[in-house]
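This report refers to the structure that appears directly beneath it.
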Amino acid sequence: MIKSAIIHPQLISSLAKCGHKTQILIADANYAFESNAPKGVEVVYLNLAPGTVAASLILEKLLQIINVEQAMMMSWPTSFENTIAGEYLSLLPASCSVTYLEREAFYSQVKSEMTLLVIASGETRRFANLLLTVAPVILD
């Protein structure tokens, strides 16, 4: 039995294939990853029902087993209160830079050949998509 922050077999296998500079998308329930992700990208479905599994919980567990050097989010209208952005910022390490991109620029980044994994969440909050860039493992 695996004793880890994540025990989902497909997710563990997919994460093991990710190296430095690989991108991982945590997609909210509204993200069209069939048309806005690279063809043939590995998709792990954690979207059992609306609201489950929350994107912030996925991020929390990912950060327990991988290092992240950069995160990207789609920018949102100034009139929109994006509560999940604050949750992400509180979870991401201080050394992780966060970039906000316009919609089409965000889609272009996700469609990059560097995106190897899409994690489909049941997150129903808008503008909750988070593109992570894997950092190298730092050995003591």
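- Rounding to the nearest 0.5 angstrom, the gap separating the CG atom in L46 from the CD atom in E123 is 12.5 Å.
- In this structure the side chain of V110 never reaches within 4.5 angstrom of the side chain of N36, judged on heavy atoms.
- Tracing side-chain contacts under 4.5 Å through hydrophobic residues (I, L, V, M, F, W, Y), one reaches I119 starting from V53; they form part of the same cluster.
- Between N67 and H20 there is no side-chain heavy-atom pair separated by less than 4.5 Å.
- A donor-acceptor pair under 3.5 Å links the side-chain atoms of S75 to the main chain of L101, judged by distance alone.
- Side-chain contact check for L15 versus L62: some heavy-atom pair is nearer than 4.5 Å.
- Of all the heavy atoms in A71 and C96, the pair that sits closest is N-SG, 3.7 Å.
- Listed here is the closest heavy atom pair of S121 and D28: OG-CA, 3.7 Å.
- Between the OG atom in S14 and the CG atom in L116 there is a gap of 9.0 Å [rounded to 0.5 Å].
- Here the side chains of N129 and L25 are in contact, with some heavy-atom distance below 4.5 Å.
- Inter-residue side-chain proximity for R103 and F127 is flagged as met; some heavy-atom pair is nearer than 4.5 Å.
- If you chain together hydrophobic residues whose side chains sit under 4.5 Å apart, Y88 and L63 fall into the same group.
- Every residue meeting the salt bridge (Lys or Arg N to Asp or Glu O under 4.0 Å) condition with K17, not counting sequence neighbours, appears here in chain and number order: E42.
- Ring geometry for F106 versus Y31: interplanar angle over 60°, hence perpendicular rather than tilted (30 to 60°).
- The two residues L59 and L92 have their closest heavy-atom pair at CD1-CD2, 4.1 Å.
- Between the NZ atom of K39 and the CD atom of E113 there is a distance of 15.5 Å, given to the nearest 0.5 Å.
- Atom-to-atom distance recorded for S90:OG and E60:CD is 9.0 Å, nearest 0.5 angstrom.
- Hydrophobic clustering, with ILVMFWY side chains joined whenever heavy atoms are under 4.5 angstrom apart, groups M73 together with F33.
- Both L89 and M72 are assigned to one and the same hydrophobic cluster, defined by single-linkage of ILVMFWY side chains at heavy-atom distances under 4.5 Å.
- For the side-chain hydrogen bond (donor to acceptor under 3.5 Å, both in side chains) criterion with R125, the lone passing option out of T83, N30, N82 is T83.
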Step-by-step side-chain contact (heavy atoms from CB on, under 4.5 Å) determination, T22 to V134
CA-CA 5 Å; T22 300; V134 177; 4.2 Å; yes
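- Residues passing the salt bridge (Lys or Arg N to Asp or Glu O under 4.0 Å) test with K21, sequence neighbours excluded: E69.
- Heavy-atom minimum distance, V68 versus A135: C-CB, 3.8 Å.
- In this structure, CD on E104 lies 7.0 Å from NZ on K111, to the nearest 0.5 angstrom.
- Expressed to the nearest 0.5 Å, how far CG of N47 lies from OG1 of T124 amounts to 12.0 Å.
- Between I66 and C18, every side-chain heavy-atom pair lies at or beyond the 4.5 Å cut-off.
- The minimum heavy-atom distance linking A55 with I26 is given by the pair CB-CG2, 3.8 Å.
- Both Y100 and L130 sit in one connected hydrophobic cluster of ILVMFWY residues. Membership requires side-chain heavy atoms under 4.5 Å apart, directly or through other members.
- Contact detail for Q109 and T115: the closest heavy-atom pair is O-OG1, 3.6 Å.
- Counting non-hydrogen atoms of other residues, nucleotides and ligands closer than 6.0 Å to CD of E81 gives a total of 12 or fewer.
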